[in-house]
Amino acid sequence: MFLLDHDEWAVKTQAAPDRGDRRLVMVQYHDFDPERCLYVHQDGLLGERRWKVGCFMGEEYGLRDAMWASPDQVRMTLGGASQESYEVTILPSGQPEKVLLYGSLICPGDLHGECQETERSRVITQVELVLS
């Protein structure tokens with residue numbers, strides 16, 4: 001079991017269909033203007049790995065729900081009237097092919113890639129991973 005930091009708590013967990021070694025964990029940071037992040041946890045020979053799939057800030061337009069669209073595809077749904085959804089492919093290693101960040105242009109330090117701002121009314125940053 002992967003331990004959460006003291007300032008985060010699990011909002012939702014869901015096992016991947018047909019994959020006993022993989023699960024989604026949605027966590028929330030802060031009560032006021034919360035940030036919710038989605039992670040894939042995957043068991044392996046050396047223990048469990050945790051990969052960030054996306055982080056979205058804000059009560060109104062933040063991450064509302066996340067689910068498996070397939071054993072290797074995650075769907076994240078945002079709040080607000082539009083209920084925008086984004087899908088991310090999960091690679092065999094458990095690592096997402098991209099990381100979606102809302103409300104921040106900071107790339108996670110543990111990923112190799114570049115932040116690219118899209119032209120949207122709300123900023124969605126995609127961190128494309130360079131796989132070697």
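Quick note: numbers below take in every heavy atom, side chains included, and nothing from hydrogens, waters or symmetry partners.
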Gap between atom [atom2] of [Y] and atom [atom1] of [X] - 0.5 Å precision:
X     : Y     : atom1 : atom2 : result
Arg23 : Gln14 : CZ    : CD    : 12.0 Å
Leu24 : Ile90 : CG    : CD1   : 7.5 Å
Met57 : Glu35 : CE    : CD    : 5.0 Å
Met67 : Leu38 : CE    : CG    : 12.0 Å

pair [X]-[Y]: side-chain heavy atoms closer than 4.5 Å:
X      : Y     : result
Tyr86  : Leu78 : yes
Arg22  : Val40 : yes
Leu100 : Phe56 : yes
Met26  : Met76 : no

Can you name the side-chain contact (heavy atoms from CB on, under 4.5 Å) partners of [X], sequence neighbours left out?
X     : result
Arg64 : Glu59
Ala15 : none
Ser93 : Leu91, Gln95

Which pair of non-hydrogen atoms, one from [X] and one from [Y], has the smallest distance, and what is that distance?
X     : Y     : value
Pro92 : Gln42 : O-NE2, 3.1 Å
Cys37 : Leu63 : C-CD2, 4.5 Å
Val88 : Lys98 : CG1-O, 3.4 Å
Lys52 : Tyr39 : CA-CD2, 3.5 Å
Pro71 : Ala16 : O-CB, 4.4 Å
Ser70 : Pro17 : C-CG, 4.0 Å

Handout entry: Qualifying salt bridge (charged side-chain N to carboxylate O under 4.0 Å, His left out) pairs, either residue in residues 86-95, two or more places apart
Key =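 Applying salt bridge (charged side-chain N to carboxylate O under 4.0 Å, His left out) to every pair that reaches into residues 86-95, excluding sequence neighbours, yields Arg75-Glu87.
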Handout entry: Sequence-distant partners of Ser85, side chain to side chain donor-acceptor pair (under 3.5 Å), two or more places apart
Key =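 Only Thr77 meet the side chain to side chain donor-acceptor pair (under 3.5 Å) criterion with Ser85.
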Practice task
Check side chain to side chain donor-acceptor pair (under 3.5 Å) between Thr89 and all other residues, then give those that pass, not counting sequence neighbours.
Solution key: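 Checked Thr89 against side chain to side chain donor-acceptor pair (under 3.5 Å); matches are Gln73.
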Problem - Asp43: partners by salt bridge (charged side-chain N to carboxylate O under 4.0 Å, His left out), with sequence neighbours left out - result: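 Once residues adjacent in sequence are excluded, Asp43 has no partner under the salt bridge (charged side-chain N to carboxylate O under 4.0 Å, His left out) criterion.
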